[in-house]
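Working notes, structure below.
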Amino acid sequence: MAKTPEGLVKKQIMQILTEHNAYYVTPMTFGFGNSGVADVIAVVKGRFIAIEAKAGKNKPTALQLKNLKAVKDAGGIALVINEHNLDELREALSAL
């Protein structure tokens, strides 16, 4: 998975989640999956977290943003993380 720039970001996200004793999965969106679901779904200290991984200048699609908003509206935490803002994820997890 870590062969692409986004794959490297996902690998770093999963390392951070592991450091925080998180349960996490990386949903597949083909076949029976749902398009627009975040790249990483996690639970940390009972809090639901959806993380969309991006690299470089890539931005979330409209469908991804809609799903992240639905997570926030339901009381979860929704983040877009790239190689430049990994500390945002660390801060969010440390605040729990």
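All values below come from the heavy atoms of this structure, side chains included, with hydrogens, waters and symmetry mates left out.
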Check your understanding: Do Asp39 and Lys10 pass the side-chain contact (heavy atoms from CB on, under 4.5 Å) test, and can you show the C-alpha distance, the side-chain angles, and the key distance before you say yes or no?
Key -> CA-CA 8 Å; Asp39 292 311; Lys10 288 178 188 177; 3.7 Å; yes
Practice item. Begin with the C-alpha distance, continue with both residues' side-chain angles, and end with the deciding distance and a verdict on side-chain contact (heavy atoms from CB on, under 4.5 Å) for Lys54 and Val9. Key: CA-CA 7 Å; Lys54 293 295 177 187; Val9 173; over 6 Å; no
Practice item. Tell me, with the steps shown, if Leu89 and Gln12 meet side-chain contact (heavy atoms from CB on, under 4.5 Å). Key: CA-CA 10 Å; Leu89 174 59; Gln12 291 175 296; over 6 Å; no
Review point. Given the rule in the side-chain contact (heavy atoms from CB on, under 4.5 Å) test, do Leu8 and Glu83 qualify, once you have shown the distances and angles that lead to the verdict?
Key: CA-CA 8 Å; Leu8 293 171; Glu83 65 273 21; over 6 Å; no
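Partners of Tyr24 by side chain to side chain contact (heavy atoms under 4.5 Å, CB included), not counting sequence neighbours, listed by chain and number: Met14, Leu17, Thr18, Val40, Ala42. Residues satisfying the side-chain hydrogen bond (donor to acceptor under 3.5 Å, both in side chains) test with Asn58, not counting sequence neighbours, are none.
Judged purely by atom type and a 3.5 angstrom limit, Asn67 has no side-chain atom pairing as donor or acceptor with the backbone of Ala70. With hydrogens and angles disregarded, a donor-acceptor distance shorter than 3.5 Å links the side chain of Asn85 to the backbone of Val80.
Interatomic distance, NE2 of His20 versus CZ of Arg90, reported as 8.5 Å (0.5 Å rounding). How far CG of Leu93 is from CD1 of Ile51: 6.5 Å, rounded to the nearest 0.5 Å. Separation of atoms OG1 (Thr61) and CG (Leu63) is listed at 5.0 Å; rounding is to 0.5 Å. Rounding to the nearest 0.5 Å gives a distance of 12.5 Å between CD of Glu52 and NZ of Lys59. Going from atom CD of Glu6 over to atom CD1 of Ile13 covers 8.5 Å, rounded to the nearest 0.5 Å. Taken to the nearest 0.5 Å, the CD atom of Glu91 stands 11.0 Å off from the CG atom of Leu86.
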